[in-house]
Amino acid sequence: MKQDIKSLRPEELKRQLAEMGEKSFRAKQIFVWLHRGATSFDQMTDLSTALRARLDERYYITAPAVERRQESREDGTIKYLWRLRDGNCVETVLMRYHHGNTVCISSEVGCRMGCAFCASTLGGLVRRLEPSELLDQVLFTQLDSGLPVSNIVLMGIGEPLDNFDNVMTFLDLVNHPDGMNIGMRHISLSTCGLVDKIDKLADLRLQLTLSVSLHAPDDETRNQIMPVNRSCGVERLLAACRAYFETTGRRISFEYAMIDGVNDSDAAARLLASRLAGTGSHVNLIPLNHVEESPLKPSSRARVRRFQEILESQGITATVRRTLGSDIDASCGQLRRKAMQGEQAE
Ligand code: SAH
């Protein structure tokens, strides 16, 4: 059985090469090739042909194929559907902002969190992505589009903290000076609120930005739309968020998708403001993106504005998130099951 070489941390690659009787500087040469997008050992022209052949016997190099590429006419957002080695597909979205190009990557094939408003969870979890497959989404989006990537958000399909170890290895790889060298402060990770994993992440003291998908300030509402809340309620979640801030010094931002008649009342805004008071946290209001399979509808623009005013009047900064790529179904929550199952499902 061949091994996935790009999922190895540099220390591990070095160790395995030493076992093969190779000098340690070879590990760095190979790492650099992989992180520039080499797809075969034959491209690694500064290695002997004998070593290239030995590597090829032990390892494989992942390289997703572009199954589909859609570009928004409105804002230049590009959505990729990648076909992975085992035939599964995942989506990646490249957004072009003034401050740089941002890729939104998927962390799993499908998702088991079951949020009522999200298209990505409709078919459940198929499997978690390997570190190489997380990295490839950044690397091959940059290579294919010709646009340099400066920021990463883990906000695509899947729950990144439900794939904790692989996501942590990916962060090490993408952050590495011999690789893509993307700084932790340019990386955001979004979670539906897996409390024990938030605690574990805090202990690592990374400088990344943590976003928590809150979407409701009370257990009754949150239990309805986010099953994850049933095992661990809002109070415990917000306590973990405060502890995270105390340990890392990094403020958390909260995502709040506004759903008509569900979580958008004046009372909900006031309760949210009181629960977040004194945390210095920021709230991103996102008008819900309509998902075909769901009866939930977005709040009106006037309602979103009113909700924002209440938060701000109580000292909580809140912005209304601009939607990019809606003409290609690339907005939050719209990355679709049919895409993951490939063309057959359409
Ligand atoms: N599992 C992670 C990351 C993926 S979802 C998480 O839950 O945070 C990225 C964001 O899109 C989350 O805030 C999610 O709640 C939100 N989202 C999902 N479906 C949506 C929809 N239909 N409209 C608006 N936002 C949605």
Side-chain angles (χ1 to χ4, degrees), residues 79 90-93 95 102-125 128-129 134 137 152-164 166-167 170 187-195 197-198 201 208-217 221-222 224-229 232 234 237 240-241 244 252-260 262-264 281-299 303-304 307 318-326 329-337 339-340:
K79 181 167 83 167
V90 285
E91 286 173 296
T92 305
V93 181
M95 296 163 290
T102 299
V103 279
C104 175
I105 67 169
S106 299
S107 54
E108 298 177 315
V109 181
C111 183
R112 62 189 187 122
M113 295 299 136
C115 298
F117 44 81
C118 182
S120 301
T121 197
L122 289 169
L125 176 68
R128 302 186 166 92
L129 293 181
L134 296 163
Q137 293 178 65
I152 301 170
V153 295
L154 282 136
M155 291 190 187
I157 296 164
E159 167 50 49
L161 296 187
D162 194 36
N163 187 14
F164 194 89
N166 289 349
V167 167
F170 156 70
I187 303 176
S188 295
L189 185 154
S190 181
T191 179
C192 63
L194 300 180
V195 171
K197 300 291 167 50
I198 292 176
L201 186 65
L208 54 74
T209 300
L210 182 63
S211 289
V212 171
S213 302
L214 191 58
H215 304 321
T221 313
R222 200 165 189 268
Q224 265 176 40
I225 54 176
M226 299 182 74
V228 67
N229 196 71
C232 191
V234 174
L237 173 59
C241 292
Y244 183 92
I252 290 181
S253 66
F254 291 96
E255 307 293 311
Y256 200 100
M258 299 214 36
I259 311 173
D260 181 45
V262 174
N263 63 357
D264 62 350
S281 296
H282 181 94
V283 177
N284 278 313
L285 299 172
I286 319 154
L288 184 81
N289 286 301
H290 180 65
V291 167
E292 242 167 60
E293 293 83 347
S294 157
L296 302 172
K297 300 211 166 46
S299 309
R303 189 78 310 261
V304 176
F307 200 91
T319 44
V320 180
R321 187 89 53 86
R322 194 160 62 104
T323 295
L324 293 179
S326 44
D329 274 1
S331 313
C332 290
Q334 287 184 327
L335 298 179
R336 302 185 71 83
R337 185 159 67 128
M340 281 181 280

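When a ligand or atom number is given, it counts from 1 through the structure's own listing order. Just so it is clear, the values below take in all heavy atoms, side chains as well, and ignore hydrogens, waters and symmetry mates.
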For [X], atoms of ligand 1 separated by under 4.0 Å from a heavy atom:
X	result
Gly156	4 (C)
Cys192	6 (C), 7 (O), 8 (O)
Val291	22 (N)
Cys118	18 (C), 19 (N)

Name of the residue among Ser281, Ser188, Ser211 meeting side chain to side chain donor-acceptor pair (under 3.5 Å) with Ser253
Ser211

For a 4.5 angstrom cut-off between non-hydrogen side-chain atoms, does Gln137 reach Val103?
no

Side chains of Met226 and Leu214: closer than 4.5 Å at any heavy-atom pair?
no

Winner among Met113, Glu159, Glu255, His215 once heavy atoms are compared against atom 16 (C) of ligand 1
His215

Against ligand 1, does Gly158 come closer than 4.0 Å with any heavy atom?
yes

Give a yes/no verdict on whether any heavy atom in Ser120 is under 4.0 Å from an atom of ligand 1.
no

Rounded to the nearest 0.5 Å, what separates atom CD in Glu292 from atom CG in Leu122?
10.5 Å

Short version for Val212: what comes under 4.0 Å of ligand 1, heavy atoms counted, is neither

Would you call the rings of Phe117 and His215 parallel, tilted or perpendicular, taking 30° and 60° as the class edges?
perpendicular

Using distance alone, decide if ligand 1 has a nitrogen or oxygen within less than 3.5 Å of any nitrogen or oxygen in Leu288.
no

Testing the 3.5 Å rule here: is there a donor-acceptor pair between the side chains of Ser107 and Glu159?
no

Thr221 and side chain to side chain contact (heavy atoms under 4.5 Å, CB included): which single residue from Val262, Asn229, Ile259, Val234 fits?
Val262

